[in-house]
Amino acid sequence: MAYWLLKSEPDSYSFAQMQHDRRTAWSGVRNHQAANNLRAMQPGDLAFFYHSNTGREIVGVVEILRTAYPDPSDASGKFVMVDVGKPVPMPQPIGLAEIKTTPALRDLPLLKQSRLSVMPIGGREWQTLCKMGGFKTLGVKR
DNA sequence: GCCAACGTTGGC
DNA sequence: GCCAACGTTGGC
């Protein structure tokens, strides 16, 4: 099982909307590196939900429910999307500023590749972030 | 609102 | 194939 981070601008799609929808297709990715990450996802993988631009914090966790399939919003047919769902809010959202000042998270792609919208998270970093976010264990309560 | 990072486009 | 111009993302 792998861990990921998904970015979304809350003005276009917020975690509150995610909680309302329960499940959604993660469409609109138009960057090849991000698309390759989508292709590597497996059902059961978990992903942090990060609010970019407005908020700049990790606000929750979602589960990957379906492997990559063609994104109908892409006319070229090259880009893909996955289905995500089962949103769980973070007891304590983790701000970007806090992430930046945590030595164990120094190598997060979030800090190094600020424009990448879908990125992998290492198991150790996942654990650190879950702890910071107020989850009691690595397993997320549902 | 500004600007850095970075991807894409198009002229040569 | 190189590189300048331009557009977009996202932090500040």
Revision key, fill the gap. Counting primed atoms, P, OP1 and OP2 as sugar-phosphate and everything else as base, the B/S/- map of nucleotides 3-8 of chain C against protein heavy atoms under 4.0 Å is ----BB
Exercise for review: To the nearest Å, give me how far apart NZ (A:Lys100) and C1' (C:dC12) are.
Suggested key: 8 Å
**Study point:** Crowding at CZ, A:Arg39 (>12 non-hydrogen neighbours, <6.0 Å)
**Key:** yes
Point to revise | Non-neighbouring partners of A:Phe79 that pass ring pair (Phe, Tyr, Trp, His ring centres under 6.0 Å), sequence neighbours left out | key: A:His32
Study note, to complete from the structure: Residues passing the side chain to side chain donor-acceptor pair (under 3.5 Å) test with A:Gln92, sequence neighbours excluded, are none
Point to revise | Residues from residues 30-38 of chain A lying under 4.0 Å of DNA chain B - heavy atoms | key: A:Asn31, A:His32
Point to revise | A:Lys7 side chain near C:dG10 phosphate (N/O to OP1/OP2, under 4.0 Å) | key: yes
Revision key, fill the gap. In whole angstroms, the gap separating C1' of C:dG11 from CG of A:Leu111 amounts to 11 Å
Exercise for review: Return the set of residues passing side chain to side chain donor-acceptor pair (under 3.5 Å) with A:Gln33 (not counting sequence neighbours), or none when no residue passes.
Suggested key: A:Gln113
Review point. Does any non-hydrogen side-chain atom of A:Asn37 lie less than 4.5 Å from one of A:Val29?
Key: no
**Study point:** Any pair counted as ring-ring contact (aromatic ring centres under 6.0 Å, His included), so long as it reaches residues 86-122 of chain A, sequence neighbours left out
**Key:** none
Check your understanding: Does a side-chain heavy-atom distance below 4.5 Å link A:Tyr13 with A:Thr24?
Key -> yes
Review point. Who are the side chain to side chain donor-acceptor pair (under 3.5 Å) partners of A:Ser76, not counting sequence neighbours?
Key: A:Asp74
Review point. What pairs with A:Ser114 under side chain to side chain donor-acceptor pair (under 3.5 Å), at least two apart in sequence or on another chain?
Key: none
Study note, to complete from the structure: For A:Phe49, the ring pair (Phe, Tyr, Trp, His ring centres under 6.0 Å) test, sequence neighbours excluded, returns A:Phe15, A:Trp26, A:His51
Review point. Considering residues at least two apart in sequence or located in another chain, which fulfil the side-chain contact (heavy atoms from CB on, under 4.5 Å) criterion with A:Arg66?
Key: A:Arg23, A:Tyr69, A:Asp83
Review point. How bent is the helix from B:dG1-C:dC12 to B:dC12-C:dG1, comparing axes over its five end pairs at each side, to the nearest 10°?
Key: 10°
Exercise for review: Give the rounded distance in Å between these two atoms: NZ of A:Lys112 and P of C:dG10.
Suggested key: 19 Å
Check your understanding: Does the side-chain contact (heavy atoms from CB on, under 4.5 Å) test come out yes or no for A:Glu125 and A:Tyr3, once each step is laid out?
Key -> CA-CA 9 Å; A:Glu125 282 96 349; A:Tyr3 302 105; over 6 Å; no
Revision key, fill the gap. Residues of residues 47-59 of chain A with a heavy atom under 4.0 Å from any atom of DNA chain C, listed by number, are A:Tyr50, A:Ser52, A:Asn53, A:Arg56
Review point. With no hydrogens and no angle check, is any side-chain donor or acceptor of A:Ser27 less than 3.5 Å from a backbone partner on A:Met81?
Key: no
